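Side-chain atoms are counted along with the backbone in the values below, which use heavy atoms only and exclude waters and symmetry mates. Predicted model only: the values in this text are computed from it and were never measured.
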Amino acid sequence: MGWITVTIRIVCLFTLLWSVNGIGVNWGTQASHLLPPDTVVRMLRENGIQKVKLFDADYGILKALGKTGIEVMVGIPNDMLASVGGSMKAAEKWVAKNVSEHISSNNVNIRYVAVGNEPFLETYNGSYLHITLPALSNIQSALIKAGIGSQVKVTVPLNADVYASSNTYPSGGDFRTDIFDPMLKIVKFLNDSNSPFTVNIYPFISLYTDSNFPVEYAFFDGNATPLNDGGTLYYNMFDANLDTLAHALQKNGFGNLPIIVGEIGWPTDGDRNANIEYARRFNQGFMSHISGGKGTPMRPVPIDAYLFSLIDEDEKSIDPGNFERHWGIFYFDGQVKYPLNLGTTNSGALIPAKGVQYLERKWCVMKPSAPLDDPQVAQSVSYACGLADCTSLGYGTSCGNLDARGNISYAFNSYFQKYNQFEKACEFPNVSVITKTDPTPTVGNCKFPIMIQPYYESAGRRFGCGQMPLPLVSVLLLLLLTVVQH
């Protein structure tokens, strides 16, 4: 029996190792209160996460990732594409400062540079259409000149809307007609430079935008009616979507180009389909789906993917939807949202951030004596939600069952916490009061959070609203509140 036990252990070990190498996370920083980078890196290591995708080249984050061995994809924001694409000197300067320096002086394991982020989205109206390839080319040339071109590769994370199917089946996949030529040039460049094609795939968005989308097809349980593509059966949208891209690449002569799934995940709030149960079901289903390394019908190889995302971000734009601030597998404070086994820890469970420092346990709520029809109420709520985060309020959301006073209190507290519990931030004219009694409902998932202590980063890094030096916040709030009261 001994050899059977050893064999099982070896198989389990290889499964674990594959999982460690195969799954990464997106670490975004569009938040009013960021956890210190060292805290997040410790959380990454304790959870066995070995790959991170960043959206910019934050010095503090890259420094914290030094000597960890964690594989890094560092990003160049879209608003920098014109600069690095229009000037070889600018590209070389960017690489020297944000890649070479970190590799040589801090031993950061940078493996990719993500040049732009979904630059061909239709909503951008072609703004980055002609500058993305020059930016890719210049950054790649700068990497080669710096002597790290074989270690660090360029890529460009693209939304799945850059391709489509002519017949609704994966086999009909090809690149969008309006961007066909630029896409082929980029694909050829990636192929010639031994770089991967990076795509972001979101079944949730399909469900969000199309009320007729079959819900079960978004998940990996095998409960959906399969899509029959000439005898090839697709039981989930992810496989069908990825193979639509695979067919598009093959159709144009690049069938062997490696593919990275740059973003995939499910939000937990802000929409009726964005909830804890669906997020757990999707992300756990995805992990189980890829854990065997079998890939998709067109690409039967291990899938290289980055979950979106690591931590909630309360300053993300909600233009696409209120769910945008709730993609994290962890809350803003690094606490676990739901059970999720990434296959990377001995316990099979996520491990929360340690040593998180919170503000005092107090909340700003609607004054019990204030009438609901007070004319200041609506104005104050509108003001609070405009500057803070009220995306957990509304139909089908975590706090969607609050009564009118609960909604108002949630808005006031969101503003109060974002601005570091500054006393003036709870002085909505005669309708608010600070309390030390937790207003969080005893039933359901609604939370009235306490904000974490603001983290002040090194010079040169922007301050978010919640991270401005407190005296500056105080002055601004006094001005703002004076305006709203008049």
Side-chain angles (χ1 to χ4, degrees), residues 11-26 48-51 53 71 73 111-112 153 155 157-160 162-165 169-175 187 190-191 194-204 206 216-224 226-266 281-308 340-344:
V11 169
C12 290
L13 176 62
F14 272 102
T15 302
L16 178 62
L17 286 174
W18 184 86
S19 298
V20 169
N21 292 328
I23 194 66
V25 294
N26 285 267
I49 295 168
Q50 287 294 311
K51 299 193 308 182
K53 178 168 164 281
E71 184 180 294
M73 181 186 293
R111 299 296 300 278
Y112 299 103
K153 296 295 181 180
T155 187
L158 294 162
N159 189 278
V162 299
Y163 51 87
S165 174
Y169 296 104
S171 59
D174 207 345
F175 296 110
V187 169
L190 294 173
N191 184 73
N194 295 314
S195 297
F197 188 109
T198 300
V199 61
N200 300 338
I201 298 176
Y202 284 112
F204 169 81
S206 298
E216 291 299 320
Y217 199 55
F219 299 98
F220 301 91
D221 307 321
N223 297 330
L227 182 69
N228 189 335
D229 187 0
T232 301
L233 300 180
Y234 289 93
Y235 290 89
N236 64 80
M237 181 193 166
F238 171 78
D239 284 358
N241 192 302
L242 197 63
D243 275 5
T244 304
L245 170 59
H247 276 285
L249 291 170
Q250 185 183 66
K251 194 170 293 180
N252 291 287
F254 301 98
N256 294 321
L257 186 65
I259 298 173
I260 290 176
V261 178
E263 297 178 17
I264 183 165
W266 200 281
R281 183 181 172 197
F282 180 85
N283 283 331
Q284 192 61 71
F286 178 70
M287 291 306 305
S288 300
H289 186 63
I290 69 172
S291 64
K294 64 179 181 180
T296 66
M298 273 292 285
R299 288 287 184 104
V301 295
I303 290 171
D304 191 359
Y306 295 80
L307 290 179
F308 191 86
L340 181 62
N341 184 0
L342 299 179
T344 54

Rounded to the nearest 0.5 Å, what's the gap from OG1 on T344 to CD1 on I23? Could you check?
9.0 Å

Exercise: identify the closest heavy-atom pair between T232 and P297:
CG2-CB, 3.6 Å

Shortest non-hydrogen contact from F197 to T155?
C-OG1, 4.2 Å

Report the residues that fulfil salt bridge (charged side-chain N to carboxylate O under 4.0 Å, His left out) with R281, sequence neighbours left out, ordered by chain and then residue number.
E216, D221

Roughly how far, to the nearest 0.5 Å, is CD1 of I49 from CG of L342?
5.5 Å

For A248 and D174, which heavy atoms make the closest approach, and how far apart are they?
CB-CA, 3.6 Å

With a 6.0 Å cut-off (strictly less than), is the heavy-atom count around OH of Y169, excluding the residue itself, greater than 12?
no

Is the closest side-chain heavy-atom distance between L158 and F175 below 4.5 Å?
no

CD1/I260 to CE/M73 distance, rounded to the nearest 0.5 angstrom?
4.5 Å

With sequence neighbours left out, the residues meeting side-chain hydrogen bond (donor to acceptor under 3.5 Å, both in side chains) with Y112 are none

Taking the side chain as every heavy atom from C-beta outward, state whether K153 and N194 have any atom pair closer than 4.5 Å.
yes

Partners passing ring pair (Phe, Tyr, Trp, His ring centres under 6.0 Å) against F282 (at least two apart in sequence or in another chain):
F220, W266

Where do P226 and L233 come nearest, in terms of heavy atoms and distance?
CB-CB, 4.3 Å

Ignoring hydrogens and angles, tell me if any N or O in the side chain of N26 forms a donor-acceptor pair with the backbone of G262 under 3.5 Å.
yes

Separation between CD1 of I303 and CD1 of I290, rounded to the nearest 0.5 Å
6.0 Å

Is there a side-chain contact between L227 and Y217 (heavy atoms, below 4.5 Å)?
yes

Among L245, T296, D239, T244, the one residue meeting side-chain contact (heavy atoms from CB on, under 4.5 Å) with P170:
T244

A side-chain contact here means heavy atoms from C-beta on lying under 4.5 Å apart; do V199 and V162 qualify?
no

Has N256 got more than 12 heavy atoms of other residues, nucleotides or ligands less than 6.0 Å from its CG?
no

Return the minimal non-hydrogen interatomic distance between P203 and M237, and the atom names on each side.
CA-SD, 3.5 Å

Distance in Å, S165 OG paired with D229 CG, rounded so as to fall on 0.5 Å steps:
7.5 Å

How about N200 and F308: do any of their side-chain heavy atoms sit closer than 4.5 Å?
no

Search all heavy atoms of S195 against all heavy atoms of P258 and return the closest pair with its distance.
O-CD, 4.3 Å

Are Y163 and L249 side-chain neighbours, meaning at least one heavy-atom pair lies under 4.5 Å?
no

State whether the number of non-hydrogen atoms from other residues, nucleotides or ligands found under 6.0 Å of K251 atom NZ is greater than 12.
yes

So how far is it from Y235 OH to H289 NE2, rounded to the nearest 0.5 Å?
12.0 Å

